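What you are looking at is a predicted structure, and each value in this text was computed from that prediction instead of being measured. Throughout, a chain's letter reflects where its sequence line sits, starting with A, and its residues are numbered from 1.
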Amino acid sequence: MLKKADFFSDVYDVVRLIPKGRVTSYGAIAAYLGSKQSSRMVGWAMNASHKMSDVPSHRVVNRIGILTGKNHFGNAMEMQELLEKEGIVIQEDKILNFKHFFWDPSQDLKIP
DNA sequence: TGCTTGACGATCA
DNA sequence: GTGATCGCCAAGC
């Protein structure tokens, strides 16, 4: 019955585990889940994550650190401000020193 | 039921 | 180094 591992639930779980002041990419989450080729699914899940106020989707950006999803936040500025509050510097909707703030789920969670 | 779209990523030209 | 195209899977119409 609950054999169906909701791809979305997995994404939400990983996003919630993102440490404060850190960000990750859709591809990183997809790779952690084992579907690196379905990075789009992560973004698709994020779209539904709007219902989950516990999902800091603002910490998820694309592979180069651009706030691609800011448009879907309702308030694009909000996404940037949230990240800046955590110490992340953003310029032109792009995270500076993205590699420095990048957080890889597989690196911290360490797949068993 | 079938085609299009979509918060991406990687590769090719 | 930049631009364009393909791939991937799921949901919407």
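Following rounding to the nearest Å, A:Ile64 (CD1) and B:dA7 (C1') show an atom-to-atom distance of 13 Å. In this structure, A:Asn47 places its CG atom 11 Å from P of B:dG6, rounding to the nearest Å. When the P atom of B:dC8 is taken as reference, atom CG of A:Leu67 falls 12 Å away, rounded to whole Å.
At a cut-off of 3.5 angstrom, the base of C:dG7 holds at least one donor-acceptor pair with the side chain of A:Arg40. On a pure distance criterion of 3.5 Å, a polar donor-acceptor pair joins the side chain of A:Ser39 and the base of B:dC8. Between the side chain of A:Arg63 and the base of B:dG9 there is no donor-acceptor pair of N/O atoms closer than 3.5 Å.
Counting heavy atoms from C-beta on, the side chains of A:Asp54 and A:Tyr12 never come closer than 4.5 Å. At least one side-chain heavy atom of A:Met79 sits less than 4.5 Å from a side-chain heavy atom of A:Val61. Counting heavy atoms from C-beta on, the side chains of A:Val60 and A:Val55 never come closer than 4.5 Å.
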Tabulate protein N/O versus nucleotide N/O from nucleotides 11-13 of chain C, keeping only pairs under 3.5 Å, one per line.
| unit_1 | atom_1 | unit_2 | atom_2 | d |
| --- | --- | --- | --- | --- |
| C:dA11 | O4' | A:Trp44 | NE1 | 3.1 |

Protein-nucleic acid N or O pairs under 3.5 Å, nucleotides 1-5 of chain C:
none

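Heavy atoms of A:His58 sit nowhere under 4.0 angstrom from any nucleic acid atom.
Distance check: A:Phe102 CZ to A:Thr24 OG1 gives 4.5 Å after rounding to the nearest 0.5 Å. Taken to the nearest 0.5 Å, the CZ atom of A:Phe7 stands 6.0 Å off from the OG atom of A:Ser38. Interatomic distance, A:Lys85 NZ to A:Gln80 CD, rounded to the nearest 0.5 Å: 12.5 Å.
Taking 4.0 Å as the cut-off between side-chain N and carboxylate O, A:Lys70 and A:Asp93 count as a salt-bridged pair.
Side chain of A:Asn62 to main chain of A:Ile64: a donor-acceptor pair is present (N/O by atom type, distance under 3.5 Å, no hydrogens or angles).
Contact detail for A:Val11 and A:Met46: the closest heavy-atom pair is CG1-CE, 3.5 Å.
For A:Thr68, a side-chain nitrogen or oxygen approaches OP1 or OP2 of B:dC8 to under 4.0 Å.
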